[in-house]
Every structure is written in structure tokens, then in C-alpha cells.
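Some notes on the structure that comes next.
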Amino acid sequence: MRMKHQLVGYDSKTELLSVAVTIPAERFPMAAEIAHVPPDDTEAVGCYPLDSEQARLIAKLTGAHSINSGLMYFMEPVPLSH
């Protein structure tokens with residue numbers, strides 16, 4: 001199954017999704033390195049928690065230059081529909 005990946009942020013109080021930004025495919029290898037995706041997860045199918053610095057760096061890769069410090073950030077896969 002093919003995947004795209006997103007930088008997502010959840011509200012720390014409600015745990016509701018507050019932001020989701022697609023990571024461009026050509027920048028995904030750098031995002032995976034920043035998120036410390038292990039080599040055995042070649043398609044990054046896991047959900048990877050990010051600290052604020054990791055989230056900031058991945059946001060820059062997407063063109064979203066700022067992040068909200070009140071959110072919990074993750075890099076998550078999203079299956080591509082056929």
C-alpha cells in the first residue's frame with residue numbers, strides 16, 4: 001500500500017486533531033530522518049511522536065514555517081487511495 005505522510009498536531013487538552021500538513025514526497029526522506037524512523041520501517045507506517053524542534057524542522061520542509069507550541073505533534077502515514 002502506498003502512503004503519503006503528514007505532520008499532524010493534536011490539541012493537548014482535547015486530543016482533537018488541530019492541524020494536518022502533507023509532507024511533500026520529495027522531502028519525506030529528510031522528514032523521516034528528523035522523526036527518527038527506524039530503518040526497518042521503510043514506508044514509515046508507524047506514528048512517530050515529535051518534540052517541538054522536530055516538529056519545527058518538519059514544518060519548514062512543508063513550507064509551514066511556524067508551529068503552535070500548545071499541540072502534540074506526530075508524523076503519521078495516510079494511505080493513498082487508488
Side-chain angles (χ1 to χ4, degrees):
M1 176 177 289
R2 293 191 37 188
M3 302 278 180
K4 68 178 181 177
H5 294 83
Q6 295 182 328
L7 171 65
V8 296
Y10 294 93
D11 183 284
S12 58
K13 293 179 183 171
T14 65
E15 296 185 0
L16 294 174
L17 181 65
S18 294
V19 65
V21 181
T22 299
I23 299 168
E26 66 273 9
R27 297 202 173 124
F28 173 71
M30 289 186 294
E33 186 175 325
I34 292 166
H36 303 295
V37 175
D40 63 335
D41 187 2
T42 58
E43 294 188 38
V45 296
C47 175
Y48 292 92
L50 304 169
D51 63 28
S52 60
E53 180 64 11
Q54 290 170 304
R56 186 186 68 74
L57 290 171
I58 293 174
K60 283 183 73 172
L61 293 176
T62 71
H65 294 287
S66 64
I67 62 166
N68 181 332
S69 62
L71 300 180
M72 300 177 300
Y73 285 95
F74 298 84
M75 185 176 78
E76 295 182 351
V78 178
L80 289 175
S81 58
H82 297 335

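Computed from heavy atoms alone, side chains included, the values below leave out hydrogens, waters and symmetry copies.
Between Met3 and Val78, every side-chain heavy-atom pair lies at or beyond the 4.5 Å cut-off. Contact annotation: the side chain of Tyr48 approaches that of Pro38 to within less than 4.5 Å [non-hydrogen atoms, C-beta and beyond].
At least one donor-acceptor pair closer than 3.5 Å links the side chain of Ser12 to the backbone N or O of Gly70. Within the 3.5 Å criterion, the main-chain N or O of Leu71 finds no donor-acceptor partner in the side chain of Asp11. Of the possible donor and acceptor atoms, none in the side chain of His5 sits under 3.5 Å from a partner among the backbone N and O of Thr22.
Partner of Tyr73 under the side-chain contact (heavy atoms from CB on, under 4.5 Å) criterion, chosen from Val19, Val8, Asp51: Val19.
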Note to self: Using the rule given for side chain to side chain contact (heavy atoms under 4.5 Å, CB included), can you reason through Ile23 versus Met75, listing the C-alpha separation, both sets of side-chain angles and the distance that settles it, and then say yes or no?
What the structure shows: CA-CA 9 Å; Ile23 299 168; Met75 185 176 78; 3.8 Å; yes

Note to self: Please evaluate residues Gln54 and His36 with respect to the criterion side chain to side chain contact (heavy atoms under 4.5 Å, CB included), reporting the C-alpha separation (whole Å), side-chain torsions for both, the decisive distance (0.1 Å), and the verdict.
What the structure shows: CA-CA 9 Å; Gln54 290 170 304; His36 303 295; 3.0 Å; yes

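Between Ser52 atom OG and Leu57 atom CG the span is 9.5 Å, to the nearest 0.5 Å. Between the OG atom in Ser18 and the CE atom in Met72 there is a gap of 9.0 Å [rounded to 0.5 Å].
Linking ILVMFWY side-chain heavy atoms closer than 4.5 Å, directly or via other members, places Phe74 and Leu17 in a single hydrophobic cluster.
With sequence neighbours left out, Pro39 forms a side-chain contact (heavy atoms from CB on, under 4.5 Å) with no residue at all. Listed by chain and number, the residues in a salt bridge (charged side-chain N to carboxylate O under 4.0 Å, His left out) with Glu53 are Arg56 (sequence neighbours excluded).
The two residues Pro77 and Gly46 come nearest to each other via the heavy atoms CD-O, 3.3 Å.
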Contacts under 3.5 angstrom, residues 24-34 side chains, donor-acceptor by atom type, not counting sequence neighbours:
unit_1	atom_1	unit_2	atom_2	d
Arg27	NH1	Leu61	O	2.9

